[in-house]
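To start, the structure itself, in structure tokens.
These values consider heavy atoms only, across backbone and side chains, with no hydrogens, waters or symmetry-generated copies. Throughout, residue positions are numbered sequentially from 1 according to the sequence presented. Source: prediction; values computed, not measured.
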Amino acid sequence: MDKLNMSNDVFSGFVFYGTLCLVKTAAMSLITSWNRWKYGSFNNPQDAQIESKSLDPGEYKKLMVPKEEVEKVRRAHLNDLENVIPFVLLGLLYVATDPPKTTAMWHFQTFFGARLSHTVACLTGMRQSVRAVNFLVGVTCFASMAIRTLLATL
């Protein structure tokens, strides 16, 4: 476990970019909540009741209708959860294989850049092809790290 300490440049780089990925993912939750209040689109009755100031289900259920402004942020957040968590878990295993620093940093930086760009594309309504390219870049980083990790076990 001597590779999993901050004196190892690869681990230190992983901690930095992994943390950025996790903070970005957590920020998506805050943005989703903000948009729910901003656009009046809630997913639970208690929040809808507070905003509608009514206990009448006919009134507060009007605020429980999904709105695209909220849903696109929620989908981006879900996509982060599906990609960032596996990346961070695999990253720990990958660092343990003692990869070359330049290769490892390329993986970490490229993955973070792709996730950030993917989120911007989702939130600003860019073409699906922009999101797809960013998604595929992230998947390629993940696959490359997985292959290296698996080969190190042979």
Distance in Å, H107 NE2 paired with C141 SG, rounded so as to fall on 0.5 Å steps: 5.5 Å
Closest heavy-atom pair, K72 versus E69, reported as atoms and distance to 0.1 Å, is CG-O, 3.7 Å
Taking every heavy atom of N134 against every heavy atom of V130, the minimum-distance pair comes out as ND2-O, 2.8 Å
Taking the hydrophobic residues Ile, Leu, Val, Met, Phe, Trp and Tyr, and joining any pair whose side-chain heavy atoms are under 4.5 Å apart, which ones share a cluster with V70? Y39
Hydrophobic cluster membership, with links at side-chain heavy-atom distances under 4.5 Å among I/L/V/M/F/W/Y: are L116 and V133 in one? no
Looking at CE of M105 and OG of S12, how far apart are the two atoms once the value is rounded to the nearest 0.5 Å? 7.5 Å
Group every Ile, Leu, Val, Met, Phe, Trp and Tyr by side-chain heavy-atom contacts under 4.5 Å, then state whether L90 and F16 land in the same group. yes
N83: which residues meet the side chain to side chain donor-acceptor pair (under 3.5 Å) condition with it, sequence neighbours left out? N79
Could you give me the CA-CA distance, side-chain angles and deciding distance for F108 and L20, then say whether side chain to side chain contact (heavy atoms under 4.5 Å, CB included) is met? CA-CA 10 Å; F108 306 152; L20 287 178; over 6 Å; no
According to ring pair (Phe, Tyr, Trp, His ring centres under 6.0 Å), does anything in residues 69-88 pair up with another residue at least two apart or in another chain? List the pairs. F87-F111
Show the nearest heavy-atom pair for residues V10 and A104, with the distance to one decimal. CG1-CB, 3.6 Å
Carboxylate-amine/guanidinium proximity below 4.0 Å for R75 and E82: no
What residues form a salt bridge (Lys or Arg N to Asp or Glu O under 4.0 Å) with E71, not counting sequence neighbours? R74
Which heavy atom in A114 sits nearest to a heavy atom in G138, and how many Å separate them? CB-N, 4.0 Å
With sequence neighbours excluded, what pairs up with K24 under the salt bridge (Lys or Arg N to Asp or Glu O under 4.0 Å) test? D80
Applying ring pair (Phe, Tyr, Trp, His ring centres under 6.0 Å), name anything that partners W37, two or more places apart in sequence or on another chain. F42
L154 side chain near L151 side chain, heavy-atom distance below 4.5 Å: yes
Connected to M28, directly or through other members, by ILVMFWY side-chain contacts below 4.5 Å are I31, V73, L123
Output the rest of the hydrophobic cluster of V23: all Ile, Leu, Val, Met, Phe, Trp and Tyr residues reachable through side-chain heavy-atom contacts under 4.5 Å, sorted by chain and number. none
Pairing residues for T25 by the side chain to side chain donor-acceptor pair (under 3.5 Å) criterion, not counting sequence neighbours: none
Just jot down the salt bridge (Lys or Arg N to Asp or Glu O under 4.0 Å) partners of D98, sequence neighbours excluded, or say none. none
Flag yes if I85 and Y94 sit in one hydrophobic cluster, no otherwise; membership is Ile, Leu, Val, Met, Phe, Trp, Tyr, and two members link when side-chain heavy atoms are under 4.5 Å apart. no
Here the gap from T103 atom OG1 to M145 atom CE, rounded to the nearest 0.5 Å, amounts to 11.5 Å
Does Y17 belong to the same Ile/Leu/Val/Met/Phe/Trp/Tyr cluster as V137, with side-chain heavy atoms less than 4.5 Å apart forming each link? no
So ring pair (Phe, Tyr, Trp, His ring centres under 6.0 Å) across residues 117-154, not counting sequence neighbours, yields none
Which heavy-atom pair separates F14 from V88 by the least distance, and what is that distance? CZ-O, 3.2 Å
Report yes or no: does T110 contribute a side-chain atom to a donor-acceptor pair with the main-chain N or O of W106 at less than 3.5 Å? yes
With sequence neighbours left out, which residue pairs that include part of residues 145-154 fulfil the side-chain hydrogen bond (donor to acceptor under 3.5 Å, both in side chains) condition? T97-R148
Determine whether a donor-acceptor pair (N or O, by modelled atom type, separation under 3.5 Å) exists between the side chain of T119 and the backbone of R115. yes
Measuring only between side-chain heavy atoms, which start at C-beta, is L89 closer than 4.5 Å to L93? no
